[in-house]
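Just so it is clear, the model here is predicted, and its values are computed rather than measured. Both counts, for ligands and for their atoms, begin at 1 and track the order of listing.
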Amino acid sequence: MKKGQSHLPDSVRWENGRLVILDQSELPIKVVYKELTCLDEVWEAIRQLEVRGAPAIGITVGYGICLATLNSKADSYEELWAEFQKNAAYLASSRPTAVNLFWALDRMSNKVQEMKGKAVSEIKQGLLAEADRIKEENDDLCRRIAENGFPLIKECTGVLTHCNAGPIATASQYGTALGPLILAHESGIPVKVYADETRPLNQGSRLTAWELQQIGVDVALICDNMAAAVMAQGRVQAVLVGCDRVACNGDVANKIGTYGVAILAKEHGIPFYVAGPTSSFDFSAQSGADIVIEERNPAEVTCGFGRRTAPEGIGVYNPAFDVTPAKYVTAFITEAGVIRPPFIDGLRKLTEKHL
Ligand code: MRU
């Protein structure tokens, strides 16, 4: 893709019967598209963050289930359903925090059960159609998130973001948190994006900086420990981040470091916005305490820059996400509209109306 072109190719797609992903672990050094040929490869691609970002993970498991089902030798509904359940449980074990993964598996599971009594071949095609629908709907949701968030940032000269919640995290043209900023760029409104590097795996520098540069959005990369200074210097008038799971009281699980950014924003009187589709809201989680936080390999912390940056044998704690309490969130930007406190009422009303 040429620099300045507004749209990146979809990071997850079903192409002539093949599941193809943009291998995000290779960015920004190489742009590699990779075919996933079986369930083990899908599981591994999710676990290793070759495909990552809550909505993109949801789309991938939808197609991943299709990959296994289309190759299945089952010749009865019962056999197919038993295989489906085993495969879904396996994919569900790849990463615990992003609720979109479980949401997409539920949708696929409902589809199989709805088609009970139909021929196995028909069920297979029905599943593929459902996976396509999840992806198509996601494009539309992200566009609406971009439009709903745009009025909140269009007067800003600078906006800070953490991690990567852009097109490649959603297999769509706008992403979630980056959507309003990409829309501003497309409308000729210059908003500078300050992208946190996002240790330990640098999704901000490897992915957000890369994709905004490709699109032509003005972006300044900063180390995570620069956010406070950037705010104190008056460089940003809003913070915009994505989400992996939102509890019904408005507590938000997102990439580790988000909580700290939210506290800094509050201290500096800067609005803190969380963008995400309503499929990222988990109404079975009463609060952040109900959200499972993934812990990852210590090597991500000790060898993060391609060489050891800590002594051998050092103890490490490496949670991949944190929970930002609802009281730090100014508003949620969803496809269904902007939700302001009190979140319990707002989230319920908007999602009941639009789901
Ligand atoms: O570990 P990752 O890279 O999958 O974490 C991703 C995030 O925390 C994103 O902010 C979130 O999934 C939203 S993506 C639109």
Side-chain angles (χ1 to χ4, degrees), residues 8 10-12 21-25 27 45-61 94-104 138-139 141-146 149 160-182 195-208 210-212 224 239-246 252-262 272-282 291-297 300-301 304 318-324 329 332-335:
L8 301 159
D10 283 352
S11 59
V12 183
I21 59 154
L22 168 65
D23 183 347
Q24 298 187 42
S25 67
L27 287 170
I46 295 171
R47 174 60 73 106
Q48 299 306 338
L49 312 193
E50 291 171 4
V51 59
R52 39 106 359 241
I57 293 173
I59 293 166
T60 305
V61 298
S94 58
R95 291 189 78 189
T97 306
V99 74
N100 305 63
L101 187 159
F102 306 94
W103 169 88
N138 180 67
D139 267 342
L141 300 182
C142 289
R143 164 99 212 172
R144 277 152 55 195
I145 289 170
L160 186 137
T161 191
H162 189 73
C163 194
N164 171 262
I168 61 176
T170 58
S172 77
Q173 293 184 350
Y174 287 97
T176 56
L178 297 189
L181 301 161
I182 294 171
D196 277 356
E197 191 173 40
T198 317
R199 279 283 284 146
L201 290 181
N202 295 341
Q203 285 89 336
S205 59
R206 290 188 303 105
L207 310 177
T208 299
W210 177 80
E211 63 183 352
L212 291 180
D224 297 341
V239 174
L240 199 41
V241 297
C243 50
D244 282 85
R245 194 185 290 233
V246 181
V252 183
N254 192 49
K255 179 51 57 195
I256 189 76
T258 303
Y259 177 29
V261 174
F272 180 87
Y273 298 116
V274 178
T278 44
S279 53
S280 296
F281 296 120
D282 177 2
I291 300 175
V292 179
I293 300 293
E294 177 184 12
E295 278 186 46
R296 294 185 61 88
N297 191 334
E300 293 178 353
V301 177
N318 183 20
F321 301 95
D322 59 24
V323 174
T324 300
V329 179
F332 288 96
I333 304 167
T334 75
E335 76 276 14

Measure from the side-chain N and O atoms of [X] to the backbone N and O of [Y], and report whether any donor-acceptor pair falls under 3.5 Å.
X: Thr176; Y: Gly276; result: no
X: Thr170; Y: Asn138; result: no
X: Thr60; Y: Ala56; result: yes
X: Thr161; Y: Leu240; result: yes
X: Arg206; Y: Gln24; result: yes

Classify the contact between [X] and ligand 1 as side chain, backbone, both or neither, using a heavy-atom distance cut-off of under 4.0 Å.
X: Pro55; answer: side chain
X: Thr170; answer: side chain
X: Cys163; answer: side chain

Below 4.0 angstrom from a heavy atom of [X], which ligand 1 atoms are there? Numbered from 1 as shown, please.
X: Thr176; value: 15 (C)
X: Ala169; value: 14 (S), 15 (C)
X: Ala54; value: 12 (O), 14 (S)
X: Gly53; value: 4 (O), 12 (O), 14 (S)

Item to check | Student check: side-chain heavy atoms of Tyr273 and Phe332 closer than 4.5 Å | outcome: no

Checklist entry - Between Ser25 and Leu49, is any pair of side-chain heavy atoms under 4.5 Å apart? => result no

Next on the checklist: Nearest non-hydrogen contact with atom 4 (O) of ligand 1 belongs to which option: Lys255, Gln203, Arg95, Arg206?
Outcome noted: Arg95

Checklist entry - Does some non-hydrogen atom of Asn164 fall short of 4.0 Å from ligand 1? => result yes

Next on the checklist: Against ligand 1, does Cys243 come closer than 4.0 Å with any heavy atom?
Outcome noted: yes

For [atom], what is the closest protein heavy atom, and at what distance to 0.1 Å?
atom: atom 8 (O) of ligand 1; result: Asp244 OD1, 2.8 Å
atom: atom 10 (O) of ligand 1; result: Asn254 OD1, 2.7 Å
atom: atom 3 (O) of ligand 1; result: Arg52 NE, 2.6 Å

Next on the checklist: Test side chain to side chain contact (heavy atoms under 4.5 Å, CB included) on Arg144 and Thr334; report intermediate values, then the result.
Outcome noted: CA-CA 8 Å; Arg144 277 152 55 195; Thr334 75; over 6 Å; no

Next on the checklist: Test your reading of the structure: does Ala165 have an N or O sitting under 3.5 Å from an N or O of ligand 1?
Outcome noted: no

Item to check | Charged N-O contact under 4.0 Å between Arg199 and Asp224 | outcome: no

